[in-house]
**Student:** 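Mind looking over this structure? Questions follow.
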Number of protein chains: 2
Amino acid sequence: MSPDQQRDTPTRRRGAALEDAILRAAAGELRESGYAGMTMDRVAQRAGTNKNAIYRRWPTRAALGIAAYRRIVDTELQVPDTGALRTDALALLRAANATWSSPQGAVLRALLTAVGDDPDLLTLLRTQTGGNAMDAAWLTLLERAVARSEAPPEAVHPRVASVPVTVLRGEYALRGLPEVPDDVLVEIVEEIFLPLVRGRAASS
Amino acid sequence: MSPDQQRDTPTRRRGAALEDAILRAAAGELRESGYAGMTMDRVAQRAGTNKNAIYRRWPTRAALGIAAYRRIVDTELQVPDTGALRTDALALLRAANATWSSPQGAVLRALLTAVGDDPDLLTLLRTQTGGNAMDAAWLTLLERAVARSEAPPEAVHPRVASVPVTVLRGEYALRGLPEVPDDVLVEIVEEIFLPLVRGRAASS
DNA sequence: CAACTTAGGGTACGGAGCGTACCCTATTTT
DNA sequence: AAAATAGGGTACGCTCCGTACCCTAAGTTG
């Protein structure tokens with residue numbers, strides 16, 4: 001709740017400077033109090049401005065939340081390259097799980113449910129979040145496995161690539177939140193992902 | 001918003017009768033206005049009672065919503081038996097999709113997001129909803145396929161059984177709500193489920 | 001049958017929080 | 001210098017959850 005902005009100077013911020021201050025404040029609230037705690041009034045106060053300035057830029061709280069979320073994402077997901085598909089997949093799935101179980105992940109999940117009925121915001125969130133980067137990572141994983149003849153070429157398929165993360169997300173959605181234990185990750189890789197890859201060999 | 005209860009008789013309902021009236025009213029609201037429209041005040045008014053009587057029985061709106069949801073579920077999911085795994089799976093997945101895309105499914109999804117951070121309510125919802133029945137259905141599907149030697153015995157596994165529905169749910173979660181088109185269902189079965197079943201043949 | 005206990009009913013309220021409306025003032029543009 | 005634009009301050013309306021009182025009907029007990 002620290003001011004985050006020195007309003008000493010009676011100079012009135014405008015445009016980009018103000019927008020930046022708002023986003024910084026919103027991101028701070030997200031970090032400290034989660035999405036539920038990111039109140040419009042609090043954000044306004046923390047940014048040293050008022051709700052007018054916010055609503056002039058974002059039509060709704062959820063939109064602001066998504067915009068602010070970018071600021072707390074430490075992106076730069078790097079694709080593991082351990083030399084074997086199994087260990088690569090496990091590493092990537094662990095990375096995903098770490099993200100989802102972090103406080104940051106809690107914010108993300110809250111955002112997801114908050115915009116669950118607005119397709120536009122939903123796709124916006126997905127593009128900003130790098131959920132697409134995740135899929136891309138799994139695809140390169142698969143390509144490498146194919147190059148090592150560890151997997152059939154037919155395994156390089158977007159649906160296949162998205163399965164592990166989807167199942168992991170399912171765990172979060174159905175069970176409560178705490179965190180998905182590591183043996184579940186192993187199970188996803190060994191009981192689902194690897195058999196799936198293998199099974200696409202003699203396919204159409 | 002029709003009274004749903006004749007309060008002509010000054011006879012004051014108690015216990016089970018009242019509880020039933022409340023649940024009926026809540027279910028009616030769910031049907032007509034969805035979970036968002038299921039206001040405690042409206043339920044109370046519609047049941048011809050007041051919020052006291054409700055809160056004496058359910059601690060929170062979400063709990064009432066879950067209890068009322070049972071009433072609008074037309075359960076009795078029957079396991080398809082077409083003679084082939086592919087068509088069985090497709091039929092079952094279509095049934096699941098029909099449920100999820102119906103207004104009833106919208107209520108269910110709203111409930112899911114509403115209780116997303118309460119593990120207790122979450123499991124309560126899952127047991128009442130028959131999400132478990134779904135898994136069981138997929139398992140019998142697999143068992144029949146094994147009996148026809150259409151699938152290896154190792155394919156009968158809870159994780160395998162839950163994959164198609166999980167992926168379907170993922171479609172709803174990531175894309176907006178409207179409805180998942182049929183070719184996606186076909187894709188899930190052909191590109192994921194069947195290869196997965198096949199791939200578990202020479203497994204551990 | 002009278003006294004007592006329990007549970008409903010009526011109603012009002014506190015508290016959040018979103019989104020909006022006004023009106024004034026500092027900046028920027030013309 | 002005048003006009004247009006965008007911030008700031010502040011107060012509201014509105015919805016809705018959950019709670020608090022206080023009164024009364026229905027059951028329960030002696």
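Any value given below was found using the heavy atoms of this structure, including those in side chains, with hydrogens, waters and symmetry copies removed. Please read all numbers here as calculations on a predicted model, not as lab measurements. Throughout, protein chains are lettered first and strands after them, A, B, ... in sequence-line order, and every chain is numbered starting at 1.
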**Student:** Quick one: sort the B:Phe193 and B:Trp138 rings into parallel, tilted or perpendicular, breaks at 30° and 60°.
**Tutor:** perpendicular
**Student:** Round to a whole Å and report the spacing from CZ of A:Arg42 to P of C:dC18.
**Tutor:** 11 Å
**Student:** Just how far, in rounded Å, is P of C:dT6 from CG of B:Leu18?
**Tutor:** 18 Å
**Student:** Please report, rounded to the nearest Å, how far the P atom of D:dC17 is from the CG atom of B:Asp41.
**Tutor:** 6 Å
**Student:** A:Asn50 or B:Gly15: which one's nearest nucleotide on DNA chain C is closer to the 5' end?
**Tutor:** B:Gly15
**Student:** Over how many whole Å does the gap from A:Tyr55 atom OH to C:dG19 atom P extend?
**Tutor:** 4 Å
**Student:** Picking from D:dG8, C:dG19, C:dG8, which would you name as closest to the side chain of A:Arg13?
**Tutor:** D:dG8
**Student:** Is the phosphate of C:dC18, meaning OP1 or OP2, less than 4.0 Å from a side-chain N or O of A:Thr60?
**Tutor:** no
**Student:** Can you check nucleotides 1-3 of chain D for protein contacts, nitrogen or oxygen pairs under 3.5 Å, and list what you find?
**Tutor:**
none

**Student:** Please determine whether side chain to side chain contact (heavy atoms under 4.5 Å, CB included) holds for the pair B:Leu194 and B:Val189, giving the CA-CA distance in whole Å, both sets of side-chain angles, and the decisive distance to 0.1 Å.
**Tutor:** CA-CA 6 Å; B:Leu194 293 181; B:Val189 170; 4.0 Å; yes
**Student:** Nearest whole angstrom, please: distance from the C1' of D:dG7 to the CD1 of A:Ile22.
**Tutor:** 10 Å
**Student:** For B:Gln45 and C:dT11, give me the distance from atom CD to atom C1', rounded to whole Å.
**Tutor:** 13 Å
**Student:** If you measure from the Lys or Arg side-chain nitrogens to the Asp or Glu carboxylate oxygens, is any gap between B:Asp20 and B:Arg71 under 4.0 Å?
**Tutor:** yes
**Student:** Check for a donor-acceptor pair, side chain of A:Asn50 on one end and backbone N or O of A:Gln45 on the other, with a separation under 3.5 Å.
**Tutor:** no
**Student:** State plainly whether the residues A:Arg56 and A:Glu19 are in salt-bridge range, i.e. N to O under 4.0 Å.
**Tutor:** no
**Student:** Between D:dA26 and B:Arg14, is there an OP1 or OP2 to side-chain N/O distance shorter than 4.0 Å?
**Tutor:** no
**Student:** Counting side-chain heavy atoms from CB outward, which of C:dG8, D:dC17, C:dA7 is closest to B:Met40?
**Tutor:** D:dC17
**Student:** Among all residues two or more places apart in sequence or in another chain, which pass the side-chain hydrogen bond (donor to acceptor under 3.5 Å, both in side chains) test with A:Asp135?
**Tutor:** none
**Student:** A quick test of your reading: do over 12 heavy atoms of other residues, nucleotides or ligands sit less than 6.0 Å from CZ of B:Arg70?
**Tutor:** no
**Student:** Want to settle it: does B:Ala62 or A:Arg57 sit nearer the 5' end of DNA chain D, counting the closest nucleotide to each?
**Tutor:** A:Arg57
**Student:** Whether B:Glu171 and A:Arg159 form a salt bridge (side-chain N of Lys/Arg under 4.0 Å from carboxylate O of Asp/Glu) is what I want to check.
**Tutor:** yes
**Student:** Can you tell me how far P of C:dG14 sits from NZ of B:Lys51, to the nearest Å?
**Tutor:** 14 Å
**Student:** Check the interface with nucleotides 21-24 of chain D: list each N/O to N/O pair with the protein under 3.5 Å, or write none.
**Tutor:**
residue : atom : partner : partner atom : Å
D:dC21  : N4   : B:Asn52 : ND2          : 3.4
D:dT24  : O2   : B:Arg12 : NH1          : 2.9

**Student:** For the pair made of CE in B:Met38 and P in D:dC16, what is the distance, rounded to whole Å?
**Tutor:** 12 Å
**Student:** One thing to verify: whether B:Arg86 and B:Glu150 come together as a salt bridge, which I'm taking to mean a side-chain N less than 4.0 angstrom from a carboxylate O.
**Tutor:** no
